[in-house]
S.K.: 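Encoded as structure tokens, here's the structure I'll be asking about.
Reckoned from all heavy atoms, side chains included, excluding hydrogens, waters and symmetry mates. These numbers come from a predicted model, not from an experiment. The sequence lines fix the lettering, A, B, ..., with proteins before strands; numbering per chain opens at 1.
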Amino acid sequence: MVKMIRNAISFLFQGPATRKYPYEKSEVPEGFRGPPTWDIERCTGCGICARVCPVDAIEVERTDEKIVVTYHLDRCTFCSQCEESCPRDVIRMSKEFELADFDREKMTTEYVQDRTD
Amino acid sequence: MTPRKDTVGRKTTSIPVGPQHPALKEPESFTFEIDGETIVDVIPRLGYVHRGIEKAMESRTYIQNLYLAERICGICSHSHTTCYAQGVEELLDVKIPDRANFIRVIIAELERIHSHMLWLGVAAHEIGFDTLFMHSWLDRELVMDLLELISGNRVNYAMNTIGGVRRNISDDGGQKVKDSLADVEERMKHYVEVIKTDQSIRQRTKNIGPLNCTPAADLCAAGPTLRASGIARDVRKDDPYAAYGEIPFDVISYDGCDLFSRTLVRCEEILEAIKITDYAIDNLPEGAIRVRAARKVPEGRVVSRLEAPRGELIHYCKSNGTDTPERYKVRAPTLANVLALGNMLIGGNVADIPIVLAGIDPCFSCMDRMAFVDTKSDKRWTWTQEDLQRYALKC
């Protein structure tokens, strides 16, 4: 008990172990797996990302006019299998981590590539 | 479990503990028969967090199942994916590169360190020693940060893939791991000293929750629970997988057969895990981290096992030549240890219930696998051993 009391007292003279979040944010490491983002202009619309996604968070629609990638943040588990499977390195995992929202509709992102040019 | 015969006819009082949070923040129900302050019988009732993961695995591809297997447990997520990947690799007859095996070991040992530190905090909290709880969880953050640094996520590392691992460990990353672990080692040595000398910890754990060597072996207890009963059984040593065959380490065991021993086994296992990690980083072989594996798995069945932080973890997979498994089964270590709880609790005091329950480091949501519910009539039932045998033979 005495040993741990000594421990506890030493902490009175150190700074707090926690951060003043949200005013002070922690830095995420290199390679952090946040939500994926698409460099849509380079996308061929092959749909591999949608096929490998374990939670159906990605939909890919390809027509003669456009390629539409719909990403559902509310389903995503940030496993980064889509990033790994993409044959053209179009997908990158971002470093965002404040992802909560009150509205589920806002959690869907659409990436559109115009193919008419 | 059925009530013990010698309690029938005796005037006892039933106390239900759970299903809300009997030990950790997970639901499981225990009915205690008590005579005064003494526990005379305990009846566990399992199945509150059955999530249907095994059935869900049958409708996903082998790659997708990696991430589902990972979510069986929030603490030993790497153990479940390693066990899964090992099984599928055996079915595919794929040999993974040495570097991948070493990286699997590094992550597995980091996971063991943070799991045992989490347990130490929980156990300290259950015996009312919250200072130790706060401090051990603060130090655990060092390990969580390391895992985030290596894998990109604190909890679901997603390091494994079929045919190896997905991310490499750089020299710089390896050095950071070693530096942080040196701090953790120093702190853990201090905690071992505290545990060995502190009177309040000794009084709350010495000779509490006894589980002797013979019943521990008979009831197939696993992991630190078994090793604290004097049986040095460890899958890492007995049936080496990944790179454990090439790494020197000791299996920690104590023969106190009580909670005190269980605490010491886990704390010293952390020190041993630090040694294993350091050795694996120093001797990390060069080369590729993964090999290509086929998408479709040939027909066959496999049982794979490994030493998760809580004990022996067993996965069974039956494949049918397609890209999805036909049947999948998981036996988590808590299921092996939950039977031994009866022995530990009977004869003990009511006040010791939380710490004895926490003493096996239960992970109830990993364990709950099977219950039958007829949705039309809302009828529920479970299978007996004979039913299970019949079903097994039919398969």
S.K.: With only heavy atoms counted, which part of Ile63(B) is less than 4.5 Å from chain A, the side chain, the backbone, both or neither?
M.R.: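 When you check distances to chain A, only side chain atoms of Ile63(B) fall under 4.5 Å.
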
S.K.: Do Arg187(B) and Asn7(A) come within less than 4.5 Å of each other through their side chains, counting heavy atoms only?
M.R.: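 Yes, at least one pair of side-chain atoms sits under 4.5 Å.
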
S.K.: Please classify the contact between Tyr157(B) and chain A as side chain, backbone, both or neither, with a heavy-atom cut-off of under 4.5 Å.
M.R.: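 The backbone, not the side chain.
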
S.K.: Can you tell me if Gln14(A) has over 12 outside heavy atoms packed within less than 6.0 Å of its CD?
M.R.: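 It does: Gln14(A) CD has more than 12 such atoms within range.
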
S.K.: Are there more than 12 heavy atoms of other residues, nucleotides or ligands under 6.0 Å from atom CG of Asp171(B)?
M.R.: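 Count not over threshold, so no.
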
S.K.: Which residues in residues 78-87 of chain A have any heavy atom closer than 4.5 Å to a heavy atom of chain B?
M.R.: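 Near chain B, by residue number: Cys79(A), Ser80(A), Gln81(A), Glu84(A).
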
S.K.: Counting only non-hydrogen atoms closer than 4.5 Å, does Leu138(B) touch chain A with its backbone (N, CA, C, O), its side chain (CB onward), both, or neither?
M.R.: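 The side chain, not the backbone.
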
S.K.: For residues Met4(A) and Val194(B), report the shortest heavy-atom separation together with the two atoms involved.
M.R.: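 Minimum heavy-atom contact is CG-CG1, 3.7 Å.
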
S.K.: Kindly write out the residues that satisfy side chain to side chain donor-acceptor pair (under 3.5 Å) with Glu268(B), not counting sequence neighbours, or none if the list is empty.
M.R.: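 Testing Glu268(B) for side chain to side chain donor-acceptor pair (under 3.5 Å), a comparison that skips the adjacent residues, returns Tyr254(B).
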
S.K.: Verify the neighbour count for atom CG of Asp103(A): are there more than 12 heavy atoms of other residues, nucleotides or ligands below 6.0 Å?
M.R.: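 For Asp103(A), atom CG is crowded (more than 12 foreign heavy atoms under 6.0 Å).
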
S.K.: Is the number of heavy atoms from other residues, nucleotides or ligands under 6.0 Å of Glu98(A) CD greater than 12?
M.R.: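 More than 12 within 6.0 Å, yes.
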
S.K.: Heavy-atom distances under 4.5 Å only: say whether Phe11(A) touches chain B with side chain, backbone, both or neither.
M.R.: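 Interface part for Phe11(A): side chain.
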
S.K.: So which atom in Ala158(B) and which in Arg33(A) form the shortest heavy-atom distance, rounded to 0.1 Å?
M.R.: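 For Ala158(B) versus Arg33(A), the nearest heavy atoms are CB-NH2, 3.7 Å.
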
S.K.: Quick one: what part of Pro29(A) sits under 4.5 Å from any heavy atom of chain B, side chain, backbone, both or neither?
M.R.: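 Only the side chain of Pro29(A) comes within 4.5 Å of chain B.
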
S.K.: Quick one: what part of Thr131(B) sits under 4.5 Å from any heavy atom of chain A, side chain, backbone, both or neither?
M.R.: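 Interface part for Thr131(B): both.
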
S.K.: Please classify the contact between Arg202(B) and chain A as side chain, backbone, both or neither, with a heavy-atom cut-off of under 4.5 Å.
M.R.: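 For Arg202(B), neither part sits under 4.5 Å from chain A.
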
S.K.: Is it the case that more than 12 heavy atoms not belonging to Glu186(B) sit under 6.0 Å from its CD atom?
M.R.: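 Check fails, neighbour count at 12 or below.
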
S.K.: Drop me the distance from Thr77(A)'s OG1 to Glu70(B)'s CD, to the nearest 0.5 angstrom.
M.R.: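 Thr77(A) OG1 to Glu70(B) CD: 8.5 Å, rounded to 0.5 Å.
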
S.K.: Counting heavy atoms not belonging to Glu61(A), are there more than 12 under 6.0 Å from its CD?
M.R.: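 No - once you tally the heavy atoms of other residues, nucleotides and ligands closer than 6.0 Å, there are 12 at most.
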
S.K.: Could you tell me the separation between the CZ atom of Phe97(A) and the CZ atom of Arg154(B), rounded to the nearest 0.5 Å?
M.R.: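 The CZ atom of Arg154(B) is 11.5 Å from CZ of Phe97(A), to the nearest 0.5 Å.
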
